[in-house]
Protein chains: 2
Amino acid sequence: MAGFPDITPVHAERATQWLSQSNVRPTRQRVTLAALLMGDGRDRHVTAETLFEAASAADGKVSLATVYNTLRAFCDAGLLREIVVDGAKSYFDTDLCDHPHFFWEDSAELTDAPRESLDIRNLPAAPEGTHVVAVDVVLRLRRS
Amino acid sequence: MAGFPDITPVHAERATQWLSQSNVRPTRQRVTLAALLMGDGRDRHVTAETLFEAASAADGKVSLATVYNTLRAFCDAGLLREIVVDGAKSYFDTDLCDHPHFFWEDSAELTDAPRESLDIRNLPAAPEGTHVVAVDVVLRLRRS
DNA sequence: CTAGTTGCAAAGTATTTGCAATTCA
DNA sequence: TGAATTGCAAATACTTTGCAACTAG
């Protein structure tokens, strides 16, 4: 459930660059959140709530509203990908490529599914005047 | 947006049987909603709100809370399939088979995508102790 | 008759927003 | 400095729930 890295100076530095490169102003709050998300370079799935808790535990001083706004800003800047699975929460994924996800119905958790194998052919064509922004593939899991 | 059939006696009759067969008690409200959903045998995608409006227009006398409860009941009974796409609303589909959907980001509408073509191979295996309940494939569309 | 269902209004959950105070470039 | 960002609290959007009144079998 936890799985967020500590915020080391190195992580903060990396986070700052990540933001600057996408023209997102690296404020203190955004650097904190960015460092938690990608400080160690690993892929992560977060909700506003989990990230807020991690930030509060780490250095505090980020309001929940800012977490929401920041996640949205990161998404708009192309730093994150929003994955919508359950009616209630939105998940944000640091891995930008299309890849399948497992959604665990009992715990409402979202995890990566092995992507190597998946092979989707003959994807329906986008209707006239539109293009496909993303292909969400979610495997809903239930306890056997 | 509309696309709901009128509620004819034939539709009501068909709806009643549909419910009875799944051990869902065919109350007046449920028959109304069921007739709107599958009276004419066509596939449909609804949200609580669209179905509520259709019911209100048709014969009235169904509260929004009941629409929510009923959609959930139909789902539990295996008469509908819930499709989760966007953070806000839940969609319900009368077509129970796995098939891909288009989600139109600008209008927040959900429609079927042509299913003939789609060919998914090597779906990741379900982790130990779980099974895959459904595979949701959603193509998010944006205006070009 | 009585267990299941309805409707209302109230509560809940996830998220967004208005706006004054603050902060980064 | 000035435009962008923050934080709070209030607002919003969707959905569920408590409970008394009703209804199908």
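Just so we're on the same page: letters track the sequence lines, and every chain starts at 1.
The aromatic rings of A:H45 and A:H99 are tilted relative to each other, their planes meeting at an angle between 30° and 60°. Ring geometry for A:F102 versus A:W104: interplanar angle over 60°, hence perpendicular rather than tilted (30 to 60°).
Between B:R72 and B:R25, the residue whose closest nucleotide on DNA chain D is further toward the 5' end is B:R72. Comparing B:R28 and B:N69, the nucleotide of DNA chain D nearest to each residue sits closer to the 5' end for B:N69.
Between the CG atom of A:N23 and the C1' atom of D:dA3 there is a distance of 15 Å, given to the nearest Å. The CZ-P distance, from B:F52 to D:dC14, rounds to 13 Å in whole Å. Rounded to an integer number of Å, the gap from CD1 of A:I83 to P of C:dA14 is 19 Å. Rounded to an integer number of Å, the gap from A:L71 CG to C:dT16 P is 9 Å. Straight-line distance from the CG atom of B:D76 to the C1' atom of C:dG4: 15 Å, rounded to whole Å. The CG-C1' distance, from B:L19 to C:dT5, rounds to 13 Å in whole Å.
Looking at the side chain of B:S90, the nearest of the listed nucleotides D:dT6, D:dT15, C:dG7 is D:dT15. Set against C:dT6, D:dG25, C:dC8, the side chain of B:R30 has C:dT6 as its closest nucleotide. When distances run from any side-chain atom of A:L64 to the nucleotides D:dT17, C:dA25, C:dT15, the shortest one goes to C:dT15. In this structure, of D:dT15, C:dT15, D:dA9, it is D:dA9 that holds the atom nearest to the side chain of A:A65.
Not one side-chain nitrogen or oxygen of B:T66 sits closer than 4.0 Å to the OP1 or OP2 atom of C:dT6. Remark: B:Y68 is in phosphate contact with D:dT15, judged by side-chain N or O atoms under 4.0 Å from OP1 or OP2. Phosphate proximity of D:dT23 to B:Q29: absent, as no side-chain N or O sits under 4.0 Å from OP1 or OP2. Contact annotation: B:T70 side-chain N/O to C:dT5 OP1/OP2 distance is not under 4.0 Å. At the phosphate of D:dA24, neither OP1 nor OP2 sits under 4.0 Å from any side-chain N or O atom of B:T27.
Checked by atom type and distance alone, the side chain of B:R14 pairs as donor or acceptor with a backbone atom of B:G39 at under 3.5 Å. In this structure, B:T70 contributes its side chain and B:R30 its backbone to no donor-acceptor pair below 3.5 Å.
Taking 4.5 Å as the limit, every side-chain heavy atom of B:T32 sits out of range of all side-chain heavy atoms of B:K61.
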